[in-house]
Amino acid sequence: MISGVKRLLFYMLFLTALVMKPDTAAAQLLGPAKTTAEEVEKTPEDSLGRRTPQGTVNGFIKAIGDQNYIRASQYFVLSKRSYRKASERIRIAKTFQQLLDQGGNLSPSTIISNKELGRLDDDLATGVDLVGNISNNKTTIQLYVENQSDDSQPPLWLFSAETIESIMSADIKEEKTFLDRLLPPVLIEKKLGNVPIGHWAVVVVMTIVSYLLSRMLIFGIVFLLQKIWRKAASEKGTAIIEAFTLPVQMYLTVLLFVASTQRMGISIVVRQRFSIIIITISILAFLILLWRMTDFVSMFTRSRMNRRGRISAVSAILFLSRTTKVAIVFIGIIAILGIIGVDVTAGLAALGIGGIALALGAQKTIENFVGSVSLIADQPLRVGDYCRVDDIKGTVESIGMRSTMLRTAGRTIVTIPNGQLSASKIENFAHR
């Protein structure tokens, strides 16, 4: 009896220990706890930012902008032993900068991949990205960056050995560029951001000149269209010309600015800083074109529906036009935020979840809209038709985006949601 009481007390103490400290008790019984998922090791930072192609290009541009050519050379793959001397490294960096200033072009920073694996959607091998080119009368060089690390090491993106070899073997113009010959010495000696102040002034001047030239070209093109195209003076032709005028002018301004600044020899540092603005203007031009084409299609379709007497279709067209414009604004905001370097992934995920919640909450509204579209397309009834819907008889007063109104024999108005109406049995007496 006493041994049984002792055994019972032992079990009670054991259970109390499990309840009070389950983790400790389980650890004593089962041994050390095992983690279900190992922590992902974070890639160590590189002091020069060479973990991605974008970081490599940005770091190189900053180094040559600061005239720190030793630092700039650390973004190169120097295959030859002679290239590793300090004097040679400085010479390579200066030659690279000179070629870029004379006729080189680097992709805008936001277009270059900021992923450690680089771009995977191009035709190049994995670990190799094309980031620009150098083109003049005698030389054409493709600028590649290449990941120099294997899979077990953190990525290290550098300008490839082939690119450096091509740069060193290129035929460099020893004479001054057109801009250096044009500017007075005082505008070249004085610098802003380690770039001659004259280069900044010329960029401003070329922006204005490019805009004025594009306006003149657009005026000439419109004048020729009015002379050649017979329908240019009609309402439809005028609307089409107006829709394309501003976007095409913006594109022409950008093209003229890029071509002129590259040919004149403006520093690659200045051009690279203006690249984000150029891409943003191009996106805005495309969005304005989409907006104006939406207005044109909406206007043309509404006038056509009015001529055919399909008044109920006009409201659907207006709704679709407004929805399209909202989508254009939404896409434009996402694109511009992505261009200026804002990570929109989290925002898109939140908007996706919000959109699902909104769609679930607006099921009936969406159902009625789809029903109205089917009524407009199939036309089982029109305004003025006398019909019967299920057990309701009346004359169709109006067909809206959400519901349809019937006036009964007792002069009352019955409102039927379009979602329900499109699924109902409709008997139309007007088509006897």
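In this text, all values refer to a predicted model and were calculated from it rather than measured experimentally.
In this structure the side chain of Val77 never reaches within 4.5 angstrom of the side chain of Ser160, judged on heavy atoms. The shortest side-chain heavy-atom distance between Ile331 and Leu290 does not fall under the 4.5 Å cut-off. Within the 4.5 Å cutoff, the side chain of Ile426 has heavy atoms near those of the Leu421 side chain. Arg89 places a side-chain heavy atom less than 4.5 Å from the side chain of Gln74. The shortest distance between side-chain heavy atoms of His199 and Leu183 falls below 4.5 Å. Side-chain contact between Thr253 and Ile281 is absent, with no heavy atoms from C-beta onward closer than 4.5 Å. Between Ile240 and Lys231 the shortest side-chain heavy-atom distance does not fall below 4.5 Å. Contact check for Leu406 versus Cys387: side-chain heavy atoms found under the 4.5 Å cut-off.
Scanning all heavy atoms of the two residues, the minimum distance from Ser275 to Ser109 falls at OG-N, 4.1 Å. Considering all non-hydrogen atoms of both residues, Gly118 and Asp129 come closest at CA-OD2, 3.6 Å. Nearest heavy-atom pair across Thr245 and Ile241 is OG1-O, 2.5 Å. Shown here for Ile268 and Gly104, the closest heavy-atom pair between the two residues is CD1-O, 4.4 Å. Between Ser107 and Gln272, the shortest heavy-atom contact is O-NE2, 2.9 Å. Nearest heavy atoms, Trp291 versus Val329: CZ3-CG2, 3.7 Å.
Not one N or O on the side chain of Asn105 forms a donor-acceptor pair closer than 3.5 Å with the backbone of Gly132. Put simply, the side chain of Ser403 never gets that close to the backbone of Thr415: no donor and acceptor are under 3.5 Å apart. Under a 3.5 Å cut-off, the side chain of Ser298 and the backbone N or O of Asp295 do not form any donor-acceptor pair. In terms of modelled atom types and a separation under 3.5 Å, the side chain of Arg388 and the main chain of Ile392 share no donor-acceptor contact.
The CG atom of Leu99 lies 11.0 Å from the OG atom of Ser135; values are rounded to the nearest 0.5 Å. Taken from CD1 in Ile228 to CZ in Arg230, the straight-line distance is 12.0 Å, to the nearest 0.5 Å. Between atom CD1 of residue Ile283 and atom CD1 of residue Ile278 there is a gap of 12.5 Å, rounded to the nearest 0.5 Å. Note: Arg271 CZ to Met264 CE = 11.5 Å, rounded to the nearest 0.5 Å. In this structure, the separation between OH on Tyr69 and CZ on Arg91 is 14.5 Å, given to the nearest 0.5 Å. Ile413 CD1 to Thr395 OG1: the interatomic distance, rounded to the nearest 0.5 Å, is 9.5 Å.
Judged purely by distance below 3.5 Å, without hydrogens or angles, the side chains of Asn418 and Thr404 pair a donor atom with an acceptor atom.
Using cut-offs of 30° and 60° for the angle between ring planes, the Trp200 and Phe274 rings count as tilted. A perpendicular orientation is assigned to the rings of Tyr75 and Phe60, their planes being inclined by more than 60° (bins at 30° and 60°).
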Item to complete: I would like to know whether Glu146 and Glu162 meet side-chain contact (heavy atoms from CB on, under 4.5 Å); could you show each step before the answer?
Response: CA-CA 10 Å; Glu146 187 175 358; Glu162 292 79 7; 4.3 Å; yes

